[in-house]
Structure formats: structure tokens, C-alpha cells
Trainee: 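Input: one structure, supplied below.
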Amino acid sequence: TTGYTTLDGGFVNTASTSSAITYIDGDAGILRYRGYPIEQLAEKSSFLEVSYLLIHGELPTTDQLADFTHRIQRHTLLHEDLKRFFDGFPRNAHPMPVVSSAVNALSAYYQDSLDPNDPEQVEVSTIRLLAKLPTIAAYAYKKSVGQPFLYPDNSKTLVENFLRMTFGFPAEPYEADPEVVKALDMLLILHADHEQNCSTSTVRLVGSSNANLFTSISGGINALWGPLHGGANQAVLEMLDDIKGQGLDVNEFIRKVKNKEDGVKLMGFGHRVYRNYDPRAAIVKKTAHDILGKLGAQDELLDIAMKLEEAALTDDYFVDRKLYPNVDFYTGLIYRAMGFPTRMFTVMFALGRLPGWIAHWREMHEDPTTKIGRPRQIYTGHTERNYTEVSAR
Ligand code: SDX
């Protein structure tokens, strides 16, 4: 059940795949990108530098980072026809299907960088995705609020550009708050990769058929949307809003969760791998206090979140099941303080996870032993039986 032997005596592992990109120790609460602890990267690195590290395996030199940054800045524009693509969506569409559709459409507009076996085309599609996803995400937001799209300003950093295209207006200058830029850059680092999670496994499985990078990433964005995965950051805010709106006592809500009333879960808690505090959640929790304080956005929902965490961490139901806050528990509060609507939270997750998805897709093509084999199954259906005419059924 862990795989199958091939006719030439080889063995295809279908239970889990190997990778040299990210290491997680779920019991100890350890997360490292290419060997570097997440705590050090969050404190000292930048999202673009971490993107380079994940994709190329080493921290870049000054020249390598400058070249990487310059190449990305030159690809931030979307094809003019692709900008009109957004007109076809209803204004009230959730931004995730808009973003995943636009990313998939890159396969139609940039047909000169689709071959997964051509290293140059792989590098061009990598740079195009890193450069254009912030533009696509900002346009999905502008479409949802009926405001004009802004062209990228390549004199700005990737995060500054994204914030300007999201919250800026053609009629007036926009300068992003440096505190917001710094906090968002760090949040993107925290989301940049996480081993073989649902969406990354989707990117690898789609890519394993030699489908191009754009369409593989589009598949990952779709998988991320699920509320049990990346959609959880939106679900946490909706949960906190419900508790506040209904005037629910925190302990009353915890009781409902423990009794599994209406299938309610403590969103932002629990993890398939971490059986300890998610190291990213600890960093995000501190940032939530810092950024909310700096922005003067005293958020009643933060108080509710902290009371929920305090109640859950001392309750046997959660302790026995090793349920701790995960990366999604506090991030939504920060995105909200930055001005993003709840439905954009999972788009923010995708922005952060993009370099990790790309790194895994490239690793699979560079080292086929890391390829997810065709998953097999244990058949539990009928044994052979003969067809019966409808008159005899
Ligand atoms: C992400 O894989 C990754 O790395 C993902 C991610 C990444 O960076 O890519 O880290 C990002 O997806 C984080 C997870 C975000 N999702 C949520 O916050 C949604 C809420 N969490 C759960 O749905 C759940 O915890 C999962 C899906 C995340 C993990 O589920 P598990 O570990 O498979 O646990 P399970 O579903 O088998 O449940 C075990 C028990 C059950 O109770 P019993 O049947 O034993 O009585 O724990 C309970 C569950 O009901 N449980 C919860 C719970 N999570 C599990 N009970 C209440 N609230 C919860 N959140």
C-alpha cells in the first residue's frame, strides 16, 4: 500500500514523496525552508529573497537578488486582452475563481513558456508568475469593488506595488504605510511553503502529467480555496464575526464545538501535521498585536480570538486531540486591519504560497524520483458480475 514494483524491478512510491525543499517536525513545531528556520527568515529575510531560496535552493547573493528582482519587475504587466478578461466576471464573484481562471489563462497568452522540459521556458514562466500574480490579485479586488485598474509602478517593490494596485486610485498618489509593507512581506514569507499540503500536492499531481506551470498553479489555487485548507483564514473571521454578532459567550461557543453542534469547528485550530503550536501562528499572533496597535485598529475580534485560544489551550477536548492554533488563526485579523475584505484573505495566502508551489513543480521535473506516482487504490467494490437486461432488473 506504499507503492508498487514496476516490470523492470523498480519501485514507485505512491504513499508519500520525497523533497528537499521544506522540513516540518509536527511534534516539535519546527518549520525550515531549505534548512533555514522560519523564525530567522521571518525576522531577517524578505519575501523575494525567500522566493529565490525556495526555488533555487540557496540564499541569493546581492547580484543574484538584484537580477531576480529586476527580471520580476519587468514582467508585472498583464497582456491588454487579459485585462479585459476580468470584465466577464460578475462583480460579486469570490476573487479565488477569478484569480485561478486568470492564472490558467496565462497558458493562452504566453505560449512561448509552456514547455516543462525546456529550462529557459520554465525560468520565464516562473518569473512571469511571480510578477503577474500580485497584479492579477489586485485586479480581482478592483473588479469586486468596481474601481479602475492601476498599471504596476516598477519603481516600487513587489509588496508596495501590490498594495498600490489594490488600494490606490488613478486620480491621486498612493504611498503604502511602511509598517504595513513590512508586516505583509513577513506574512508572505510565513506562507511561502509548507511541504506536501493539499494545494502543493495538487500542483505536483497536475504537473506530473507534464502540464505547464501556469495550469498546474491554477490547480493549486483551486485546492487552496477549500475552507479546511487556505480558505480557513476567511472562515476564522466569519466565525469571530458570528460569535460577536450573536453575542455568544466564548465558553458557550467552545461547548458547541465540543458537542459538534451543526458540525461547527474551531476554525484556525488543528493541523494534519502539527501536533503542537504551529510555529507560524506564534509569529503571526505577535504581529497581530504589533500591527493592530500601530494602525490603531483596536479590534474586538482580536480579543475574542485570544479568549478562544486561551479557553481551547486549557480544555482537554483540544489538548487530547492535539489541536493548537495554525497559521490561519490570526492572519485574517491582520489582513482586515490592512483594509482587505474577508474574501481576499485566501488570495493573500495564494500570493504567499506561489514560490513554494513553483519550487515543488520544478523539483519534480528536475528530480523525477520526487514525482508523485500514479496513486493506486484498495478496491472495495463488487466482484465480477454479468449485465442484466432492464426488463430483468
Ligand atoms: C492549512 O497541510 C498543511 O500544511 C496546510 C497548511 C499549509 O500551510 O499549507 O498548514 C494550511 O490548511 C492549515 C489548516 C487550516 N484549516 C483549519 O483551520 C480548519 C479547521 N481545522 C480542521 O478542519 C482540522 O484540524 C484539519 C483539517 C486542519 C486537520 O484535521 P485532522 O488533523 O485530520 O484531524 P481530524 O479531522 O481527523 O480530527 C481529529 C479530531 C476529530 O474529533 P473526533 O472525531 O476525534 O472526536 O479532532 C477534531 C475532529 O472533530 N478536530 C476539531 C478541529 N480539528 C480537528 N474539532 C474542532 N475544531 C477543529 N478545528
Side-chain angles (χ1 to χ4, degrees), residues 16-17 19 21-27 29-33 38 41-42 50 54 96 187-204 217 219-240 242-243 250-251 253-285 305 308-309 311-313 315-333 345-360:
S16 63
T17 55
S19 171
I21 299 171
T22 290
Y23 172 73
I24 298 175
D25 179 331
D27 294 325
I30 291 172
L31 170 59
R32 299 185 196 126
Y33 296 162
I38 191 66
L41 294 171
V50 165
L54 286 168
M96 283 297 274
L187 286 175
L188 295 175
I189 290 173
L190 293 180
H191 286 82
D193 192 49
H194 212 244
E195 202 214 69
Q196 309 280 342
N197 58 82
C198 174
S199 55
T200 302
S201 300
T202 302
V203 169
R204 289 176 74 109
I217 297 299
I221 295 170
N222 292 319
L224 187 73
W225 191 13
L228 296 188
H229 186 20
N233 56 18
Q234 172 176 335
V236 168
L237 253 292
E238 289 163 351
M239 171 185 75
L240 296 173
D242 281 351
I243 293 170
V250 163
N251 293 311
F253 182 77
I254 292 286
R255 186 195 60 74
K256 290 175 76 165
V257 170
K258 288 162 66 176
N259 294 340
K260 297 186 167 60
E261 286 177 25
D262 312 323
V264 71
K265 284 181 178 279
L266 181 52
M267 299 309 278
F269 256 69
H271 200 277
R272 294 253 190 263
V273 177
Y274 289 123
R275 297 311 182 201
N276 198 325
Y277 212 101
D278 181 334
R280 302 167 297 175
I283 299 169
V284 174
K285 180 178 178 181
L308 276 173
E309 178 187 355
L313 291 185
D315 187 303
D316 289 347
Y317 176 92
F318 298 90
V319 174
D320 294 348
R321 290 168 177 78
K322 299 185 186 301
L323 301 176
Y324 294 89
N326 59 52
V327 67
D328 292 311
F329 191 63
Y330 285 104
T331 40
L333 288 163
F345 293 178
T346 311
V347 174
M348 307 298 288
F349 194 139
L351 274 181
R353 187 51 52 87
L354 179 62
W357 287 332
I358 293 172
H360 280 270

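As the structure lists them, so they are numbered: ligands from 1, and atoms in each ligand from 1. Atom set for the values below is all heavy atoms of this structure, side chains included, hydrogens, waters and symmetry mates excluded. What you are looking at is a predicted structure, and each value in this text was computed from that prediction instead of being measured.
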Trainee: Students should be able to answer this: which protein heavy-atom is nearest to atom 51 (N) of ligand 1, and at what distance?
Mentor: Leu323 CD1, 3.7 Å
Trainee: Quick check: does His271 get an N/O under 3.5 Å from an N/O on ligand 1?
Mentor: yes
Trainee: Give me the residue, atom name and distance of the protein heavy atom closest to atom 31 (P) of ligand 1.
Mentor: Arg272 NH1, 3.1 Å
Trainee: Strictly inside 4.0 angstrom of atom 54 (N) of ligand 1, do you find any protein heavy atom?
Mentor: yes
Trainee: Quick one: look up the protein heavy atom nearest atom 50 (O) of ligand 1 and list residue, atom name and how far away it is.
Mentor: Lys260 CE, 3.7 Å
Trainee: How far is atom 18 (O) of ligand 1 from its nearest protein heavy atom, and which residue and atom is that?
Mentor: Gly268 N, 2.8 Å
Trainee: Hey, is atom 43 (P) of ligand 1 touched by any protein heavy atom at less than 4.0 Å?
Mentor: yes
Trainee: Verify the ring-centre separation between Tyr274 and His194: is it less than 6.0 angstrom?
Mentor: yes
Trainee: Less than 4.0 Å between atom 14 (C) of ligand 1 and some protein heavy atom, yes or no?
Mentor: yes
Trainee: Counting non-hydrogen protein atoms only, what is the nearest one to atom 45 (O) of ligand 1? Give residue, atom name and distance.
Mentor: Arg321 NE, 3.4 Å
Trainee: Identify the heavy atoms of Ile21 and Asp193 that sit nearest to each other, and give their distance.
Mentor: CG2-OD2, 3.6 Å
Trainee: Measure from atom 22 (C) of ligand 1 to every heavy atom in Phe349, Phe269, Tyr324, Tyr274 and give the option owning the shortest one.
Mentor: Phe269
Trainee: Using the salt bridge (charged side-chain N to carboxylate O under 4.0 Å, His left out) rule, collect all pairs that involve residues 257-272, keeping only residues at least two apart or in two chains.
Mentor: Arg255-Glu261, Lys258-Asp315
Trainee: Would Met239 count as a contact of ligand 1 if the rule is a heavy atom under 4.0 Å away?
Mentor: no
Trainee: Taking distance alone, with N or O pairs closer than 3.5 Å, would you say Val257 contacts ligand 1?
Mentor: no
Trainee: Please say whether Ala232 places an N or O atom under 3.5 Å from an N or O atom belonging to ligand 1.
Mentor: no
Trainee: Name all residues meeting the side chain to side chain contact (heavy atoms under 4.5 Å, CB included) criterion together with Asp27; count only those two or more places apart in sequence or in a different chain, and write none if there are none.
Mentor: Asp25, Arg275
Trainee: Would atom 37 (O) of ligand 1 count as contacted, meaning some protein heavy atom under 4.0 Å?
Mentor: no
